[in-house]
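Have a look at the structure below before the remarks.
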Amino acid sequence: FKESTTEISKIIIPKDFIPDQAKLSDIQDSISRQGLFHPPIIKENFEIIAGRMRVLACRNLGAKQIKVLIAPALGLEDDDYLAISLEENLKRGNLQWYDIVVKEKEFHELRLRQAGIDEAVRGKKASWGVRETAEELKVSYGTLSEDISLANALLLDPSLKRIKDKTTAKKVIAETIKRSNQEMGAGRPISNIEVNICHCGASDVILPIIDENTFEVCITDPPWLEF
């Protein structure tokens, strides 16, 4: 990247970008006290790649000029700029835990897309996976796997952002899953079906004699029957 100083008014931020006012206030306080440690990244045409909040914070503080990093224009596509943005934000080290896991998930999905992998396709050896993303982000395979699971949980329950740290969030999610499983189990009828065995035969004969909610999954050979 090329380091430069530019007029802050020239930097183009998408009109549909709506900043989180609490985060923006925190960034303004940090910049006013310590200065701007991480220059925003822009394209040569002044479109912002990474650092929208930092640019807005500097504008609000009355800055006329700002230090920036200019990304090369040749040979880069939209996904390349997205990768630059995600990597730059993840390297800053001052993000909330929920921002980190969401951006890690976005980065992993980006790399899957760039590798041409459709997660719905089965039976093929993937050329890119969680392990490769973890190596690129310099985190462990287990950490990234957990973080992606947390990001998925946040999509289902955004209120998890209220939890102060990732460790507590993992405990809350684990307890929720455990409680949900217990509640599901409590509603199941007592069955005389033996466990850990295969029941061989026609599904249209065997399934009707088994109580409802006895198991979660039934594997049958085609053609499948509806029950």
Side-chain angles (χ1 to χ4, degrees), residues 17-24 26-27 30 37-38 40-41 49-54 78-188 195-196 213 215-219:
F17 175 64
I18 302 175
D20 183 309
Q21 293 301 321
K23 289 182 181 179
L24 182 58
D26 289 342
I27 293 172
S30 175
F37 287 140
H38 303 279
I41 301 176
I49 297 174
R52 300 175 183 182
M53 297 283 275
R54 279 164 278 168
D78 287 345
D79 276 351
D80 297 315
Y81 288 120
L82 177 57
I84 291 171
S85 173
L86 291 170
E87 284 187 286
E88 194 271 347
N89 278 290
L90 287 168
K91 287 177 181 176
R92 278 169 49 208
N94 61 346
L95 297 176
Q96 296 285 352
W97 69 267
Y98 47 81
D99 287 326
I100 293 173
V101 299
V102 167
K103 290 185 184 302
E104 286 177 340
K105 172 181 164 65
E106 290 176 357
F107 187 82
H108 177 56
E109 291 175 344
L110 169 65
R111 288 301 189 226
L112 288 178
R113 186 166 68 249
Q114 289 178 319
I117 297 171
D118 182 351
E119 289 189 287
V121 174
R122 297 293 180 263
K124 287 186 178 181
K125 184 177 180 180
S127 61
W128 192 275
V130 174
R131 194 173 303 280
E132 286 72 24
T133 303
E135 289 176 359
E136 187 171 359
L137 293 177
K138 294 181 173 57
V139 298
S140 71
Y141 173 84
T143 295
L144 183 59
S145 296
E146 283 187 345
D147 287 356
I148 291 174
S149 296
L150 280 172
N152 289 332
L154 281 165
L155 290 174
L156 296 174
D157 185 5
S159 68
L160 290 170
K161 291 182 180 180
R162 299 172 187 166
I163 300 174
K164 63 180 180 178
D165 59 78
K166 187 169 73 171
T167 300
T168 304
K170 288 192 292 185
K171 290 180 180 178
V172 169
I173 293 169
E175 285 298 319
T176 301
I177 293 173
K178 180 180 178 181
R179 185 166 58 253
S180 176
N181 289 338
Q182 289 173 340
E183 290 172 354
M184 289 177 62
R188 292 177 184 164
V195 298
N196 298 326
N213 300 318
F215 47 78
E216 286 89 10
V217 178
C218 175
I219 301 175

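What's counted below: heavy atoms across the whole structure, side chains too, no hydrogens, waters or symmetry copies. Computed from a predicted model, the values in this text were never measured in an experiment.
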So CD of Glu106 and CZ of Arg113: to nearest 0.5 Å the spacing works out to 10.0 Å
Rounded to the nearest 0.5 Å, the CG atom of Asp147 sits from the CD1 atom of Ile100 at a distance of 8.0 Å
Looking only at heavy atoms, the pair that brings Leu160 and Leu154 closest together is CB-CD2, 3.6 Å
In short, Tyr98 meets Lys161 closest at the heavy-atom pair CE2-O, 3.4 Å
Is Glu132 reaching over with its side chain to a backbone N or O of Gly129, donor-acceptor style, under 3.5 angstrom?
yes
Q) Heavy atoms, side chains only, cut-off 4.5 Å: are Leu150 and Lys170 in contact? A) yes
- request: Without swapping roles, check the side chain of Trp97 against the backbone of Ile163 for a donor-acceptor pair under 3.5 Å.
  value: yes
In short, Val101 meets Ala151 closest at the heavy-atom pair O-CB, 3.6 Å
Note: Asp165 and Thr167 closest approach over all heavy atoms is OD1-N, 3.1 Å
Separation between NZ (Lys103) and CD (Glu88), nearest 0.5 Å, reads 9.5 Å
Between Ala83 and Arg111, the two heavy atoms sitting closest are CB-NH1, 3.9 Å
In this structure, CZ of Arg131 is separated from OG of Ser140 (nearest 0.5 Å) by 10.0 Å
Check: Between Lys105 and Glu109, is there a salt bridge with N-O shorter than 4.0 Å?
Finding: yes
I'd like to know whether CG of Leu156 has more than 12 heavy-atom contacts from other residues, nucleotides or ligands below 6.0 angstrom. yes
**Prompt:** Under the 3.5 angstrom rule, does the side chain of Ser85 hit a backbone N or O of Ala50 as a donor-acceptor pair?
**Reply:** no
**Message:** Strictly distance-based, threshold 3.5 Å: is any side-chain N or O of Arg54 a donor or acceptor partner for the main-chain N or O of His38?
**Reply:** yes
- Determine whether Leu82 and Gln114 make a side-chain contact, defined as any pair of heavy atoms from C-beta on separated by less than 4.5 Å. no
Rounded to the nearest 0.5 angstrom, the CG-CD1 distance for Asp157 and Ile173 is 8.0 Å
**Item:** Check against side chain to side chain contact (heavy atoms under 4.5 Å, CB included), Lys23 and Asp99
**Value:** CA-CA 11 Å; Lys23 289 182 181 179; Asp99 287 326; 2.8 Å; yes
Rounding to 0.5 Å, atoms CG (Leu90) and NZ (Lys138) come to a distance of 12.0 Å
